[in-house]
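Structure first, then comments.
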There are 2 protein chains.
Amino acid sequence: MTNTTSPVPPNEILILSQTAVYALKAVLHLAEQAAHAPLRVDDITKAVGVPRNYLSKVLHALAREGILVSARGPKGGFQLAGRADELFLGEVIAQFDDIAAGSGCLLGRERCSDESPCAAHQRWRDVSNAVRQFLDQTTIADLTHSGARLELEHLGVD
Amino acid sequence: MTNTTSPVPPNEILILSQTAVYALKAVLHLAEQAAHAPLRVDDITKAVGVPRNYLSKVLHALAREGILVSARGPKGGFQLAGRADELFLGEVIAQFDDIAAGSGCLLGRERCSDESPCAAHQRWRDVSNAVRQFLDQTTIADLTHSGARLELEHLGVD
DNA sequence: CCAATTAATCATCTCATCATGACGAACACA
DNA sequence: TGTGTTCGTCATGATGAGATGATTAATTGG
């Protein structure tokens, strides 16, 4: 009844949890503002469309990890702790999603039976490694408008 | 209390849902048995270690889709409806995971803003396409022992 | 037709994630 | 010192995936 159009349809495959996506959105917003003053939770909320108190908890977790710095009271808010081009997506989501797990076999057996090392399983490992590599090698700056622009120009794409 | 060591640790990242993995395990088992007679749910349960009634529902869903055939009563059970080398993983999991969704942007925006087509988002699309391609191009036979053996021999791997 | 067998279904339970509202704690500034 | 601002946290609720036990329905073989 109080439903605000649920963000994730049932059965939708997500790879990243909703919470991790919230974290990425918020951090990306902070990076794009490149603000001198901290941004308040309420402003970030409006910008990325995430429930206020929930986002607050997410941001606080990021602050505890040293990814953001937070300050209370007037003039308070959140800021990036470091450079956006040195902050990898994997770091941002690490507190929310256990990406290291699931490294194994598609079918959840710890290791593909030694009897049959199974070529397809190897291909699956390649796939899930691609996910991991993306998260570990892409920085927040790569996702910002300016970052993307730079990369595109650098590649000669119009 | 009655806990049988929960299959998925919290926060674990899962690309495929647990249910989809169950379906794959069961279908793979059926393919490996290559049985002339149908296999009963209880036998499949023991083989793949999945809760009995839950697996029953999963198998039934697969039967409704024409992937399996089911029969009740004595001599009843489940069988593959077609050939294992013509059955793609994507078909098996389609009823459980909406893999087509999430095709878009990492951050859930429907499309990356036209202003900034964002190179990193393109790379993310590549990643999720890799998952889709794997599921759409790999058959159940590719995952069976015999299938894997054949493929390995064919590649000259010892 | 009866009894055993096996899938199909139903009602319910647990749990983690996501979400919300209210309250407490720190901080800036007058 | 006090007041308003803003983060921090707690208690609680909603929802969907996963799981379980009991019951119903179909089928076979005697």
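In this text the structure is predicted, and so the values were computed from the model without any measurement. Reminder, nothing fancy here: chain letters follow the sequence lines and each chain counts from 1.
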Go nucleotide by nucleotide along DNA chain D from the 5' end; which of Gly73(A) and Asn53(A) gets its closest nucleotide reached first? Gly73(A)

Short side-chain N/O contact from [X] to OP1 or OP2 of [N], under 4.0 Å:
X        : N       : value
Thr19(B) : dA17(D) : no
Arg52(B) : dA7(C)  : yes
Arg72(B) : dA25(D) : no

From CD1 of Ile44(A) over to C1' of dG8(D), roughly how many Å is that when rounded to an integer?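 Result: 15 Å.
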
Closest-nucleotide mapping onto DNA chain C: is His60(B) or Tyr22(A) further toward the 5' terminus? I mean the 5' end. His60(B)

For the side chain of [X], starting at C-beta, report the closest nucleotide among [options].
X        : options                   : answer
Arg40(B) : dG29(D), dC29(C), dA7(C)  : dA7(C)
Lys75(A) : dA28(C), dT17(C), dA19(D) : dA28(C)
Tyr54(A) : dA19(C), dA28(C), dA26(C) : dA19(C)
Pro74(A) : dT9(D), dG8(D), dA28(C)   : dA28(C)

Taking any heavy-atom pair under 4.0 Å as a contact, classify [X]: base, sugar-phosphate, or nothing.
X        : answer
Phe96(B) : nothing
Ser56(A) : base
Ala71(B) : sugar-phosphate
Asn11(B) : sugar-phosphate

Output the distance between atom CZ (Phe78(A)) and atom CG (Leu39(A)), rounded to the nearest 0.5 Å. 10.5 Å

Asp85(B) and Arg83(B) ion-paired at < 4.0 Å: yes

Minimum side-chain heavy-atom gap Leu89(B)-Leu143(B) below 4.5 Å: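 Contact flag for Leu89(B)/Leu143(B) side chains = yes.
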
Ring-plane angle category for Trp124(A) and Phe134(B), please: parallel below 30°, perpendicular beyond 60°, tilted otherwise. tilted

Are Ile67(A) and Leu87(A) close enough, and set up right, to give a side chain to side chain contact (heavy atoms under 4.5 Å, CB included), and what steps lead you there? CA-CA 8 Å; Ile67(A) 291 174; Leu87(A) 178 57; 3.8 Å; yes

